[in-house]
J.: 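First, the structure itself, so that you have it in front of you.
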Amino acid sequence: AWWLEIVLTGLLSAQHELNPASNVLWMGVPAACLLLVPAITARHPSTWSPDWMTDFEVASVAARWSYSCFGLALLSGVIATGYNILLYTFSQQFSPTEVAVAATTNKVLLLLVIVGSGFSSLPEGARLFQFVFGFAITVLSMLWIAWATSRTVGKSAALSSGTKTGSLKQ
């Protein structure tokens, strides 16, 4: 679904000539409004509380326990806004496929760093299989897209230079 966001952002910025910061801020307001209702009303289980809680209740407990922790959560929102501005800037300069591959590569590398550094561990049992299978599919699809894109670029470069693909010009 996030690739759909990139495509829609590209269309929105092209039609209304919005810069990436305007895109992020204008799309953020409706998204926040839509997510506010479930954040206040939808209850879900928590790993540290026996009761089901809403996101608003979880945030209230986190703020009571540690203001600095709550401040870090707010800071992560600012960092996410900056990341989205960067992503939207790239989506205006590159094709959606290139941006999607770059964003997926970013996620894969981050996951490797987090697990490799010991900050988090791999799941156990059947979830380990799901994790490894999903990770492998993601990496293989990225490699396939990169390979297919390089072949397309190579063919178009060869056609524009007047040579056949695979032949050497001497």
Side-chain angles (χ1 to χ4, degrees), residues 1-11 20 23-24 27-28 30-153:
W2 53 269
W3 56 267
L4 182 61
E5 175 189 4
I6 293 171
V7 171
L8 291 176
T9 301
L11 291 173
N23 259 345
V24 169
M27 290 179 77
C33 290
L34 287 172
L35 292 174
L36 188 60
V37 173
I40 294 173
T41 60
R43 294 186 174 278
H44 54 82
S46 173
T47 57
W48 49 269
S49 173
D51 299 328
W52 284 40
M53 302 172 76
T54 66
D55 290 338
F56 183 75
E57 291 169 335
V58 170
S60 299
V61 170
R64 277 196 309 257
W65 282 356
S66 171
Y67 284 116
S68 61
C69 179
F70 193 70
L72 287 175
L74 293 176
L75 178 63
S76 75
V78 173
I79 292 170
T81 301
Y83 174 77
N84 282 332
I85 290 172
L86 181 68
L87 186 65
Y88 290 4
T89 300
F90 287 150
S91 72
Q92 290 179 356
Q93 296 174 356
F94 300 103
S95 74
T97 303
E98 292 169 325
V99 174
V101 168
T104 304
T105 303
N106 184 25
K107 290 175 181 72
V108 166
L109 292 176
L110 181 64
L111 189 59
L112 288 174
V113 168
I114 289 172
V115 171
S117 68
F119 187 72
S120 184
S121 60
L122 292 173
E124 297 177 3
R127 291 199 153 207
L128 176 62
F129 173 75
Q130 292 171 344
F131 175 85
V132 171
F133 182 73
F135 189 82
I137 292 295
T138 301
V139 170
L140 290 174
S141 65
M142 286 185 338
L143 291 172
W144 180 75
I145 289 171
W147 175 78
T149 303
S150 69
R151 291 191 43 88
T152 304
V153 169

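Quantities reported herein were computed from a predicted structural model and do not represent experimental measurements.
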J.: Can you list every side chain to side chain donor-acceptor pair (under 3.5 Å) pair that touches residues 31-45, not counting sequence neighbours?
T.: Arg43-Glu57, His44-Asp55
J.: I need the Cys69 SG to Arg64 CZ distance, nearest 0.5 Å.
T.: 13.0 Å
J.: Test of understanding: with ring pair (Phe, Tyr, Trp, His ring centres under 6.0 Å), list the residues that count as partners of Trp144, not counting sequence neighbours.
T.: none
J.: Got a sec: does the OH of Tyr83 have more than 12 other heavy atoms crowding it under 6.0 Å?
T.: yes
J.: Apply side chain to side chain contact (heavy atoms under 4.5 Å, CB included) to Ser141 and list each qualifying residue two or more places apart in sequence or on a separate chain.
T.: none
J.: Listed by chain and number, what are the side chain to side chain contact (heavy atoms under 4.5 Å, CB included) partners of Leu34, not counting sequence neighbours?
T.: none
J.: Pairs under 3.5 angstrom only: tabulate donor-acceptor contacts from the side chains of residues 118-139 to other protein residues two or more places apart or in another chain.
T.:
{"residue": "Thr138", "atom": "OG1", "partner": "Gly134", "partner atom": "O", "Å": "2.8"}

J.: Should Ile40 and Thr54 be marked as a side-chain contact (heavy atoms from CB on, under 4.5 Å) after you check the CA-CA gap, both sets of side-chain angles, and the distance that decides it?
T.: CA-CA 6 Å; Ile40 294 173; Thr54 66; 5.9 Å; no
J.: Hey, could you give me each pair passing salt bridge (charged side-chain N to carboxylate O under 4.0 Å, His left out) that has a residue in residues 69-90? Not counting sequence neighbours.
T.: none
J.: Side chain to side chain contact (heavy atoms under 4.5 Å, CB included) with Leu75: which residues, sequence neighbours excluded?
T.: Leu72, Ile79
J.: Can you tell me which residue pairs pass the side chain to side chain donor-acceptor pair (under 3.5 Å) test with a partner in residues 68-81, sequence neighbours excluded?
T.: Ser66-Ser68
